[in-house]
Every structure is written in structure tokens, then in C-alpha cells.
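Please read these numbers as outputs of a predicted model, since none were measured by experiment.
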Amino acid sequence: MRQTHLFCNQHTIFGPGCLSQLKTLLLAAPLPTLVFINRSFAAGEYWPLLQSETGDLIAGVITVSHEASPQELDEWVQKWRNLAKRVLAIGGGSVLDAAKAFSTLCRHPLPAIRYLEKVGDTPLSGERLPLIAVPTTAGTGSEVTMNAVVTDQHHYRVKASLRHPALVPDIALLDPQLLNNTPATILASCAIDAFTHLFEAWLSSESSVFSRSFSLQGMQLFVAAWPALTQPDEQGECAREKMMMASWLGGLSLSMAGLGVIHGLAGETGALMPWHHGEVCGRLLLPFLGLCEQIKDPRQQRLLDELWQGLFPDRPPENTARQLADWLREMAPYDLWQSPPALPVARCHEILSKAGSKNSLIKYSPQQMLFMLSESWPLEG
């Protein structure tokens, strides 16, 4: 029997309006706090109020608009290493990952690149500053994962993670009201990323009965939330609450079971192209389901049939991969698959030279991965 390890937040607070508890959490331990934040939250009404209520506790603010590079992390560490005693992250996955990376690099002597998967040569020790994560999107699940994504599209041309169980934030504060007024394209792109985490963890060669119970619960919440996600009414608020929970469960699931070929390709694509990670996963998801329909691996087919029955118990499974692909697109609150940008052929070959199947049940060939890329984006050049 497969053994599964679960690492989780020490303290998780969930529910509409729970952001109001952030002040209490900060004042309970009065430490100089470096805040990582996104522009939209910084421009909102709550941020000035929090600043005024916490006084001198906020040592500084770093505004994050993209996935942090090794160079940016090194600059932040050099400036704040001896000044910040705690880290607070408020934003999407890029903000949370930057804060997680900073929190541990402050307690490590070498440059960020030395600790990075794929290219680094030194393991993390697990030491870090205290860390509070407040997601303002529902997709990455970074508030509960043990990795922090770092991207450099210029010098190293790599998208990889700093990874250690200690990178799971101490406190995760999940307030679905933070999703209100988010543009439909962002809501949908982040949500399909959450689904891909849950789905690939479900199909993972490292999955277990234990991990799949979390994955299934997350996908059931996704199915309930996906059609109404962008609605500005009470039904939409309920959907966004479910999606935030699905995202958190996706983070737990991927930490336990890992991901598959979709993220194997998405990671290398993100190292080269300035595209939203969730949209990249969504575009790759549909041709992956097409491959599932063609290959019909018995282990994978059994899991797909079991998943369909868990998600749609009143609908008999016929061709579950195609049924799932059709449902995702027909019920989408925003059409993520319209007007795809072009992928240069040279970039496509570079992606294929580095991408792998990760923890997929099947080891996909370069031809099969090329099929996924060419079905996701028109190739040019």
C-alpha cells in the first residue's frame, strides 16, 4: 500500500469576512512584518485601514506583479534580511510564492538560484520567518503548498520551485469575499488551475485512497461552483466560496500526490512565454483529455470512470474523457479557449526538450506532448 504524507497550515481560518481577523493575528505577536501585496488589494479600501490599525508593525511593503525571479529575491533578501521578522502575503499565487521564497531565503546564506529545483545544488534547511498567507484568488492553493514558484525568462530561462515542507505557511486566512469584483477572465483562469491540480493529483502515479479523497472533494466543489463563478449575485458568492475551498484542497492534493504532464508542459511554457499560468493549464487540459480518449490506459480509464461517477452520479459514464471536456467548456463562466495566442515553433521545440510527464500514470512521448501544444496554441514560424 502507498504511504501518503500530508503537510498543512497550523492554523486555517475560512469564511466570508474573516479578513477582519488579520489585525488581531498581527497584534497578537508584534513583530516587524514585511508585506508582499498585489496592486489591486493595495488600491482597495481594506489596506489603508490595516496599515493604520497595525501602526509600526509593518516594516515595509513589496508590490508583486509577476512570478518572482531569482535576482529579485536576492535583492529583497539583501535589503530586508535583518529588518523583517515576519512575512505577510496578500494576493494571488505569484504574491504568495514570492513571500514564501523570501521567508526562507532570509534564513539561508546562498543566492536563490542555488536552492532552486532543476538548476540548484543545495537543499533548503527548512528554516524561515513566520508566515501568514491571504489569497485573493482561488487557483494556485499556494497558501497550503510546500513549494514557491520562481521564474526567470531572461537569464536562466527556468520556471521551478523552492520546495520544503516548512514552506507551508503557518496561517492561511481564506476570505472568499476577496474574490468579489475580480475580472471574469482571472476568476476562470485561476479556477481551471485549481481543477488541474485536483485532476492531475487524482490521476497521479503517487496518489492514494487518502489523497484522492481530498482531490474528489475539491473537484465536487469545483463542479458546483464553475457555472456560476462570475455571477454578481448570491449564487455567485456561494460559488466563489466553494472555489476558494477547492483551491485549498488542490494545494493539499498536489502536495501529497504531485502533478502530471499538463504541468510538465505548463511549467516549461511559463519559463518562456508571458502567459497566465491558469490559462496555460486550461488550454492544455482539453487536448490532454483528447489523449485520454485515444489511449484508454486501463488504470487511467478506471480512475476517470470513478471520477465521473463521483462528480455526476446521475449521468452514466460513456466516454468520460470526452464528457468531462465537453462539460468544462459548455459550463464555463468565461471562454478561456477563445483566440489563443501563437506559440513560436522554436519555443515549442524548447518546451518539448525540457518537459516531462512528472507523476502521470503514463509516460507521454514527445509526439503526444507536441499534440497537446499544437492543439492548445497555433504554431508559427
For residues 10-20, which side-chain donor-acceptor pairs fall under 3.5 Å, sequence neighbours excluded?
residue : atom : partner : partner atom : Å
Thr12   : OG1  : Asn9    : OD1          : 3.2
Ser20   : OG   : Gly17   : O            : 3.0

The side-chain contact (heavy atoms from CB on, under 4.5 Å) partners of Pro130 (sequence neighbours excluded) come to Leu31, Arg86, Asp170

For Met146, what are the other residues in its hydrophobic cluster, where any two members join if their side-chain heavy atoms are less than 4.5 angstrom apart?
Phe7, Val168

Residues in ring pair (Phe, Tyr, Trp, His ring centres under 6.0 Å) contact with His277, at least two apart in sequence or another chain
His263

Any residue meeting side-chain contact (heavy atoms from CB on, under 4.5 Å) with Ser52, in chain and number order, not counting sequence neighbours
Leu49

Decide yes or no on side chain to side chain contact (heavy atoms under 4.5 Å, CB included) for Glu75 and Lys79, but give the supporting numbers first.
CA-CA 6 Å; Glu75 291 171 5; Lys79 180 176 181 179; over 6 Å; no

Given Leu96, Val95, Thr63, the one that forms side-chain contact (heavy atoms from CB on, under 4.5 Å) with Phe36:
Val95

Fellow cluster residues of Leu259, listed by chain then number, with links counted only when side-chain atoms sit under 4.5 Å apart
Leu254

Does the pair Leu216 and Leu311 meet the rule for a side chain to side chain contact (heavy atoms under 4.5 Å, CB included), with working shown?
CA-CA 8 Å; Leu216 178 58; Leu311 298 180; 4.2 Å; yes

Salt bridge (Lys or Arg N to Asp or Glu O under 4.0 Å) pairs touching residues 309-330, sequence neighbours excluded, are Glu293-Arg322, Arg329-Asp335

Are more than 12 heavy atoms, taken from residues, nucleotides or ligands other than Lys296, located less than 6.0 Å from that residue's NZ atom?
yes

Compile the donor-acceptor pairs under 3.5 Å between side chains in residues 100-113 and protein atoms, sequence neighbours left out, one pair per line.
residue : atom : partner : partner atom : Å
Lys100  : NZ   : Ser142  : O            : 2.8
Lys100  : NZ   : Ser142  : OG           : 3.2
Lys100  : NZ   : Thr145  : O            : 3.0
Lys100  : NZ   : Thr145  : OG1          : 2.8
Lys100  : NZ   : Asn147  : O            : 2.8
Ser103  : OG   : Lys100  : O            : 2.7
Thr104  : OG1  : Glu127  : O            : 2.8
Arg107  : NH1  : Arg128  : O            : 3.4
His108  : ND1  : Thr104  : O            : 2.6
His108  : NE2  : Ser125  : N            : 2.9
His108  : NE2  : Ser125  : OG           : 3.0

Kindly write out the residues that satisfy ring pair (Phe, Tyr, Trp, His ring centres under 6.0 Å) with Trp248, not counting sequence neighbours, or none if the list is empty.
none

Heavy atoms of other groups near Asp121 CG, more than 12 under 6.0 Å:
yes

Could I get the full list of ring pair (Phe, Tyr, Trp, His ring centres under 6.0 Å) partners for Phe222, not counting sequence neighbours?
Phe195, Trp226

Which side-chain hydrogen bond (donor to acceptor under 3.5 Å, both in side chains) pairs, counting each pair once, include a residue from residues 347-360, with sequence neighbours left out?
Arg157-Glu350

What's the separation between atom CG in Asp305 and atom CD in Gln309, rounded to the nearest 0.5 Å?
6.5 Å

Those residues that, when tested against Pro30, pass side-chain contact (heavy atoms from CB on, under 4.5 Å) (two or more places apart)
Leu57

